[in-house]
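Numbers here are sequence positions counted from 1.
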Amino acid sequence: MKLYSQTDTNWRNMGSRVLLVVLSVVLIVWFLPRTSGPQFRYDVGKPWMYGSLIAQFDFPIYKTDEAIKAEQDSINKNFEPYYNYNPLTEAEQINKFKEDFQEGIAGLSNEYIAIIIARLHQVYEVGIMRTTEYRKAFSDTTRTVRVVYEKTAQNTDMKSLFSEMSAYEQLFMDERLAHQRQTLQRCNLNEYIVPNVIYDKERSETEKADQLSSIAIASGMVLAGQKIIDRGEIIDAHTYRVLSSFEREMTRRSADNSTITSTIAGQTLFVGILMMLFTLYLSLFRKDYLEKMRSILMLYFFITIFPILVSIMMEHNMLSVYILPLAIAPIFIRVFMDSRTAFISHTVMILICAAAVKYQYEFIIIELVAGLTAIYSLRELSQRAQLFRTALLVTIASAAMYFALQLMQDNSITTMDHDMYKHFIVNGVLLLFAYPLMLVVEKTFGFISNVTLIELSNTSKDLLLKLSEVAPGTFQHSIMVGNLAAAIANRIDADAQLVRTGALYHDIGKMQNPAFFTENQAGVNPLDKMSRIEAAQIVISHVTEGIKLAERSNLPSVIRDFIATHHGAGMAKYFYISYQNEHPNDPVDKTLFSYPGPNPFTREQAILMMADTAEAASRSLSEYTEETISNLINRLVDGQVADGYFRDCPITFLDISQAKQVLIERLKNIYHTRISYPELNAKGDSTHKESH
């Protein structure tokens, strides 16, 4: 039954990983641009680097967007809007004026009524526009409009029309009215001047739309069988348009369902092969990553998200893909995993991204160089200065490689494209965001970086500061254990910063009852007055209390694991043996004297167990000599090996041997052991030891 359960679990794990790979492939292919046909790289003034290109079909030579935009601007600028002339407006306003002043104008003779009516007739006959429309249209003094008189439209200069304001001023151009202006202003003659040339919005917009739609999008044709360009020929502006039109027509012709289906099938096969090769790499060389869900989630996330971003940028003709900091992926993978996996991941990611870009060769070369530079320059991220240096080196390496590629294609530096270097600078700036993003990656995938470890190992932090105040002996013990464990980690190439930080927190559970632990006592041990079972439970509880405290303090799970495993599933042997001696005939429940575990399952946890046990036990030695320290360390560590504490972690016998050697050397230095040598007594037949 157990075998079946294990097999079932293995199948479920395998299924979840296969599903992850399939999901990654589907997402990438979904976003990849649907392009088909040959894709060329060409620029005006550069030689054609490919073979002779012959048109396979008839196609139009499309105008450039700039040319079409210029024609549209010309139409908009020269367009003559339509205005309708309303002859009834004049009669209405003159009749209104006559009614209002049928008794004449106070202070003026009746002849002024006729003069004003004549002047109103003159301005209405010319035409009056709204002042706001007139000012807007009159910004161009050469502008003409089309005024519709009944059914006939006439081109009219704007200068020949009046606005409401200029028509009012025109009244007083008559000398007789000008002399009486002060009196006439009280008559509010402007009330009888209203527009009779009205803008025809519907007709104007329809006419303008017709003119804009009549712009031809092509100028000329290329016939099937016609040579477009030959190898080595210099590309001029016309040839550039022909080549662009050819690619555009290829894209249009490939838009049918059969071609799209073929394109999707090819993209799926392409991405699937690369993803399978990457998965095969993990299964052959890094099976430990494949077995950890958090590891493969992060790897496949980066391999998936960046091709999607590149595809979106290419699909919508956004900014250059070179501003996208693809080197962030190998940086994070290098920091949290290893350099070889970072390089393989980056290579697979770049090859997939290349399916979305136009200039694959250039893209692959530059991005591979950027990724390699990032991997070589940043082993671990613990300071901002390190990331700044990496970003600078990646920018320089990318720019240098692009310059080299340009030199291979151009002989003159002055003709090279220098705008690309701005993109590399922006890329380098965006790489600096790897520092704040690292916290996001840690929280999302459950990793821990050196940045976080260094912050956690700050002894002025709340939890460690409280430990130093509440249980100073335990705090000093933790520091010494951390130093011993870090020395071992450095010797066997383990993570020294991780084990040092784990050591600082491994005994925080002792803060609940600090007086019950030897390092915090001052000669009196309250455990001596308690039963062996009760005393054992108090000592063992520092593990469970430590885990609870770590969870409340939001310590990372990797740190909580050190708290849980530093005693493994072992026993509090002192109390267990004492209880057996006190009750020789009674059965003993070993679980009452056992730590909750589990046993160490990483090399760093095994190192901490050895260092913790050695440091605590060394305090009980009555004499500190090389022999006593060596015997103690060998006995303790060999006992841990014999008890099976290290069966679940990938630590080797060589690692354990080197760990014992480091512990012996460090403890000798800590306790200042001296070589003891014999001294000849008076009779010459006895010796005594003198310690220096």
Report, one line per pair, each donor and acceptor closer than 3.5 Å where one atom sits in a side chain of residues 324-331; sequence neighbours left out.
none

Between CD on residue Q170 and CD1 on residue I193, distance to nearest 0.5 Å: 10.0 Å

Nearest non-hydrogen partners of A153 and Y82, listed with the distance: CB-CE2, 4.3 Å

Contact check, side chains of M313 and I323, non-hydrogen atoms, under 4.5 Å: yes

Donor-acceptor pair, side chain of Y62 and main chain of E249, under 3.5 angstrom: no

I128 to V123 - nearest heavy-atom pair and separation: CG1-O, 3.8 Å

Sub-4.5 Å side-chain heavy-atom contact between F172 and L184: yes

Ring-face cation contact, Y112 with R176, 6.0 Å cut, 45° max: no

Enclosure of E111 CD (heavy-atom neighbours >12, cutoff 6.0 Å): yes

Side-chain touch T144/M158, heavy atoms, less than 4.5 angstrom: no

Between Y199 and N84, a side-chain donor and acceptor under 3.5 Å: no

Backbone of F162 reached by a side-chain donor or acceptor of S166 within 3.5 Å: no

Side chain to side chain contact (heavy atoms under 4.5 Å, CB included) assessment of F97 paired with I113: CA-CA 9 Å; F97 174 76; I113 298 295; 4.0 Å; yes

Derivation of the side chain to side chain contact (heavy atoms under 4.5 Å, CB included) call for E362 and Y322: CA-CA 11 Å; E362 175 188 280; Y322 289 108; 2.9 Å; yes

Geometric class of the Y149/Y85 ring pair [parallel <30°, tilted 30-60°, perpendicular >60°]: tilted

Non-hydrogen atoms of F278 and S345 that approach each other most closely: CE1-OG, 3.2 Å

Derivation and outcome, side chain to side chain contact (heavy atoms under 4.5 Å, CB included), residues K227 and S52: CA-CA 8 Å; K227 185 183 75 171; S52 179; 4.0 Å; yes

Minimal non-hydrogen separation, N110 against G104, with atom names: OD1-CA, 4.0 Å

Nearest-0.5 Å distance that lies between atom CG in N196 and atom OG1 in T89: 5.5 Å

Sidechain-backbone polar pair: S204 side chain, K201 backbone, donor-acceptor under 3.5 Å: no

Parallel, tilted or perpendicular, as decided by the 30° and 60° cut-offs, for the rings of F301 and F445: tilted

Side chain to side chain, I116 and I105, heavy atoms closer than 4.5 Å: yes

Shortest non-hydrogen contact from L32 toward I352: CD2-O, 4.4 Å

Polar side chain donor-acceptor pair, Q122 to R119, under 3.5 angstrom: yes

Point-to-point distance, once rounded to the nearest 0.5 Å, from OH of Y83 to CE of M129: 3.5 Å

Sequence neighbours excluded - salt bridge (charged side-chain N to carboxylate O under 4.0 Å, His left out) pairs with any residue from residues 55-76: K63-E71, K69-D73

Show the atom names and distances, to 0.1 Å, of all donor-acceptor pairs under 3.5 Å that link a side chain in residues 363-372 to residues at least two apart or in another chain.
none

Heavy-atom donor-acceptor pair, S245 side chain to R241 backbone, under 3.5 Å: yes

Distance (rounded to the nearest 0.5 Å) between L171 CG and I115 CD1: 12.0 Å

Side-chain heavy atoms of Q93 within contact of L120, under 4.5 Å: no

Over all atoms of both residues, closest heavy-atom pair of F433 and V429: CD1-O, 3.9 Å

Side-chain donor-acceptor contact under 3.5 Å, T239 with D236: yes

Side-chain heavy-atom pair R135, S163 within 4.5 angstrom cut-off: no

Residues D230, W48; criterion side chain to side chain contact (heavy atoms under 4.5 Å, CB included); working and verdict: CA-CA 7 Å; D230 208 346; W48 179 253; over 6 Å; no

Euclidean distance, L351 CG relative to Q360 CD, rounded to 0.5 Å: 11.0 Å

Ring geometry between F246 and F57 (parallel below 30°, tilted from 30 to 60°, perpendicular above 60°): parallel

Whether T444 side chain and V441 backbone form a donor-acceptor pair below 3.5 Å: no

Salt bridge flag under 4.0 Å for residues K208 and E80: no

V451 side chain near V335 side chain, heavy-atom distance below 4.5 Å: no

Under 3.5 Å donor-acceptor, N188 side chain and E191 backbone: no

M173 CE: over 12 foreign heavy atoms closer than 6.0 Å: no

Test item: N427 side-chain N/O and H423 main-chain N/O as donor-acceptor pair under 3.5 Å: no

Inter-residue atom distance F403.CZ - M420.CE, 0.5 Å rounding: 14.5 Å

F31 side chain near E315 side chain, heavy-atom distance below 4.5 Å: no

Residues K159, D157: salt bridge by 4.0 Å N-O rule: no

